[in-house]
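Being a predicted model, the structure only gives us computed values, none of them experimental. Positions are given from 1, in the same order as the sequence printed here.
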Amino acid sequence: MSAASATPTTPTSGAAPLQEPSPPPARQPSPQSHRRNIAAVVLLIPVLAALALWAFAWPAARTAPHDLPLGLAGPATATAKVQKQLEAHEGAFEIHRYADEAAARDAIEDRTVYGAVVVTAQGPKLLTASAAGPLVAQSLQLAVAQQAGETPVRTVDVVPASPDDPRGAVLTSSVLPMTLAGIAAGAVVTLLGLRGRRAVAALIGAAVVVGTVAAFIAGNWLGAFTGGWWPEAGALALSTLAVSAAVAGLAALIGTPGIGVGAFVLMMLGNPFSGASSAPEMLPAPVGVIGQWLPPGAGASLLRSVSFFDGAAASGPALTLAWWAALGLGAVLLGSALKRRRSPAPTG
C-alpha cells in the first residue's frame, strides 16, 4: 500500500459540513392563553357542580306520589267516600277500581298498582308491596292513615322485600356500581383500541362476568334477592351491557370525547332519575319517565320484576335495555367500518 493511498482525504475548502436541522423552538403559551384556561376552569367546575346538585338533589327534594297507581277494592257505595278522600290529594294517586281483595292482590303482584285500599265492614285494609319500594309502602301507609283518622288501618305486605334486606338497600345501591362498571368497560375497550367484533366480544364478555359476580354478591351472599339466580344475573348483565355499549358506541362514532358524553348522560341523569330508591311515580315529572328510558332506571325496574314479582312487567325495561345494547354495539361496528374506509389503502 502506498503512502498516498493511506493518507486520509480531507474536505475541500469550499464545501460546508453537513448538519442536521435543529428542531424548531417549542411554542410557549402566552399569558392570554393561561388566563383563558383559568377562566374555563373557574367557570366550568361550578357549572358541573350546579348540574350535579340539580340532578341529584332536586328529584330527592320533590319525592312524593305523582299519579301513583293505587287500587281501591270493595262495594262502590262503600269505596266512594274513600276514593273522594284519596283524590283530594290532587295529582298524587291514579285510582284503579277492583271488585274485591283478591283482584287487588293480583294487580299488586302483576305490578299494575303499588298497593290497594280494601274497604271492609271492619274498616279499611291497606295492601302494600315493600318489594316494589319500601318508601312507596311507607307513603301509602301515611296517606291512608291520615284519611282514616282514628280508625285503625290494618296493613298487609303482599309482596315483601327480602328478610335479609327489608329496606331494599342492596337493590338501590346496585344501580351506581352497575353504571360505573358499564362506563369503565366502555372506556377501557375504547382506550385499548379494540374495534369491531373484538370490541363487541369484549363488551359482552365483561357484562356477563359483571352480572355473574353481582348476582352472586347481592343474591347469594347478601340474600337481598328472592327470585331465580339466572334471571337476576341476566338482568344485571344486560344493565351493564346497555351502559358499556352506549359509551363505547359514542366513542366509536365521535372519538374519545364520546366517553365523557356517555358518562355524563348515564351517570348525571340516569342514576338520580332511576327511581331505584323509591319509584318512578315518586319523582317529579318528567324525571320519572326520562329515568325509565335510560339504562339505570330500566335496569332497576327489570331487577325488581325478576327478583320479587316472577318477571311481571319485565318486558318494558328489558326491551329498553336491549335497544340501548343493540344500538351501542351497532355503533361500535359502524364506527370501526367507517374508520377502515377512511384509512388509506397500503401501497406496495
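Side-chain atoms of Arg154 and Gln122 form no donor-acceptor pair, as typed in the model, at a separation below 3.5 Å. A donor and an acceptor atom, one from each side chain of Thr179 and Asn271, are nowhere located under 3.5 Å apart. In this model, no donor atom of one side chain and acceptor atom of the other lie less than 3.5 Å apart for Glu87 and His89.
Atom OG1 of residue Thr128 and atom CG of residue Leu126 lie 5.5 Å apart, to the nearest 0.5 angstrom. Atom CD1 of residue Ile38 and atom CG of residue Leu43 lie 11.5 Å apart, to the nearest 0.5 angstrom. Expressed to the nearest 0.5 Å, how far CG of Leu266 lies from CZ of Phe273 amounts to 12.5 Å. Rounding to the nearest 0.5 angstrom, the gap separating the CG atom in Asp100 from the OG1 atom in Thr120 is 13.0 Å. Interatomic distance, CZ of Arg195 versus NZ of Lys339, reported as 3.5 Å (0.5 Å rounding). Rounding to the nearest 0.5 Å gives a distance of 9.5 Å between CG of Leu176 and OG of Ser274.
Of all heavy-atom pairs between Trp293 and Trp324, the closest is O-NE1, 2.8 Å. Nearest heavy atom pair, residue Glu232 against residue Leu303, reads O-CD1, 4.2 Å. The minimum heavy-atom distance linking Leu135 with Ser278 is given by the pair CD2-CB, 3.6 Å. Residues Glu94 and His96 come closest through the heavy atom pair OE2-NE2, 2.8 Å. Ser139 and Met282 make their closest contact through OG-CE, 3.3 Å (heavy atoms, listed as atom of the first residue, atom of the second, distance). The minimum heavy-atom distance linking Pro166 with Asp164 is given by the pair CD-C, 3.6 Å.
Both Tyr114 and Leu86 are assigned to one and the same hydrophobic cluster, defined by single-linkage of ILVMFWY side chains at heavy-atom distances under 4.5 Å. Tracing side-chain contacts under 4.5 Å through hydrophobic residues (I, L, V, M, F, W, Y), one reaches Phe309 starting from Leu171; they form part of the same cluster. In the hydrophobic clustering of this structure, Val189 does not group with Ile183; members are Ile, Leu, Val, Met, Phe, Trp, Tyr whose side-chain heavy atoms approach within less than 4.5 Å, directly or through other members. With hydrophobic clusters built from ILVMFWY side chains whose heavy atoms lie under 4.5 angstrom apart, Val136 does not share a cluster with Val158. The hydrophobic clustering, which links ILVMFWY residues whose side-chain heavy atoms are closer than 4.5 Å, places Leu222 and Leu236 apart.
In this structure, the side chain of Thr112 does not engage the main chain of Ile108 through any donor-acceptor pair within 3.5 Å. Counting only distance, with no hydrogens or angles, the side chain of Ser130 and the backbone of Ala161 share a donor-acceptor pair below 3.5 Å. A distance-only check finds a donor-acceptor pair linking the side chain of Arg304 to the backbone of Ala276 [under 3.5 Å].
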side-chain contact (heavy atoms from CB on, under 4.5 Å) evaluation trace for Leu127 with Glu101: CA-CA 9 Å; Leu127 307 180; Glu101 181 178 342; 3.9 Å; yes
Evaluation steps, side-chain contact (heavy atoms from CB on, under 4.5 Å), between Ile290 and Leu269: CA-CA 9 Å; Ile290 295 174; Leu269 299 181; 5.9 Å; no
side-chain contact (heavy atoms from CB on, under 4.5 Å) evaluation trace for Leu333 with Leu329: CA-CA 6 Å; Leu333 296 174; Leu329 296 178; 5.8 Å; no
Test log, rule side-chain hydrogen bond (donor to acceptor under 3.5 Å, both in side chains), inputs Ser301 and Gln292: CA-CA 8 Å; Ser301 296; Gln292 294 305 297; 2.7 Å; yes
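Counted within 6.0 Å of CZ on Phe56, heavy atoms from surrounding residues, nucleotides or ligands total more than 12; the atom is thus considered enclosed. The 12-atom threshold is exceeded at CG of Asp110, counting heavy atoms of other residues, nucleotides or ligands nearer than 6.0 Å. Remark: Trp229 CH2 is packed, more than 12 non-hydrogen atoms of other residues, nucleotides or ligands lying under 6.0 Å away.
Using a 4.5 Å cut-off on side-chain heavy atoms (C-beta onward), Met178 and Val210 make contact. Residues Ser305 and Arg111 meet the side-chain proximity criterion, which asks for heavy atoms closer than 4.5 Å. Put simply, the side chain of Leu140 reaches to within 4.5 Å of the side chain of Phe93, judged on heavy atoms. Two residues are said to be in side-chain contact when any heavy atoms from C-beta on lie closer than 4.5 Å; Arg97 and Ile95 meet this criterion. At least one side-chain heavy atom of Ser239 sits under 4.5 Å from a side-chain heavy atom of Leu321. No side-chain heavy atom of Val117 sits under 4.5 Å from any side-chain heavy atom of Lys125. The side-chain heavy atoms of Val113 and Tyr98, taken from C-beta on, include a pair separated by under 4.5 Å. Taking 4.5 Å as the limit, every side-chain heavy atom of Val119 sits out of range of all side-chain heavy atoms of Pro124.
Of the charged side-chain nitrogens involved, none lies within less than 4.0 Å of a carboxylate oxygen, so that Arg105 and Glu109 do not count as a salt-bridged pair.
Note: Trp54 and Trp58 have parallel aromatic rings, judged against thresholds of 30 and 60 degrees for the angle between ring planes.
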Throw together a table of side-chain donor-acceptor distances under 3.5 angstrom for residues 241-264, partners on residues two or more places apart or in other chains.
from   : atom 1 : to     : atom 2 : distance (Å)
Ser244 : OG     : Thr240 : O      : 3.2
Ser244 : OG     : Leu241 : O      : 3.2

